[in-house]
Amino acid sequence: MTKRYDEPIEVTHDGVAPAAPIAFAWRGRRYEIDQLLSSWREAGEWWDRSKAHDREYHRVLARPAGALATGDLDADGFMRSPGAVYDVYNDRTRGGWRLARIWD
């Protein structure tokens, strides 16, 4: 199941270009990213300026800060975590980072 949001977040980067998030803060809580699952870029329709956007998405496995990941891997090779999968994006048109959805 997924829940859609479109809320601002504060992102901590790894300092390597292109900068990938290593943590983010949302609704007053910090989340540590355990694994980057995928990245992609979306651009809006060039013929319709009202829908113009340029977004760099990252799908990450993250957990609330302080909650420990076990370090164990599941059958698919992913780390077991008390967290969830989050889609976050950098809005290159408006500026800033946003939380797009949570997969739980």
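All of these numbers come straight from a predicted model, not from anything done at the bench.
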Considering only heavy atoms from C-beta outward, does the side chain of [X] approach that of [Y] to under 4.5 Å?
X	Y	answer
Glu42	Asp54	no
Leu61	Ile33	no
Arg92	Arg41	yes
Glu32	Ile22	no
Tyr57	Val88	no
Glu7	Arg27	yes

Open item on the list: Can you list everything that forms a ring pair (Phe, Tyr, Trp, His ring centres under 6.0 Å) with Tyr31? Sequence neighbours excluded, please.
Closed with: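 For Tyr31, the residues satisfying ring pair (Phe, Tyr, Trp, His ring centres under 6.0 Å) (neighbours in sequence not counted) are Phe24, Tyr86.
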Under 4.5 Å between side-chain heavy atoms, hopping through other hydrophobics if needed: is there a path connecting [X] to [Y]?
X	Y	value
Leu37	Leu99	no
Tyr89	Trp40	yes
Val85	Val11	no

Open item on the list: Tell me whether Ser39 contacts the main-chain N or O of His58 through its side chain, where contact means a donor paired with an acceptor under 3.5 Å.
Closed with: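 Side chain of Ser39 to backbone of His58, a donor-acceptor pair under 3.5 Å: no, none is there.
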Task: side chain to side chain donor-acceptor pair (under 3.5 Å) partners of Asp87, counting only residues at least two apart - done: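 Applying side chain to side chain donor-acceptor pair (under 3.5 Å) to Asp87 gives Arg59, Arg101, Trp103.
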Task: Nearest atoms (heavy-atom pairs only) where Pro8 meets Trp26 - done: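 Closest approach of Pro8 to Trp26, heavy atoms only: O-CD1, 4.0 Å.
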Open item on the list: Quick test of your reading of the model: are Asp6 and Arg98 salt-bridged, counting only N-O distances below 4.0 Å?
Closed with: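 Looking at Asp6 and Arg98, the cut-off is met.
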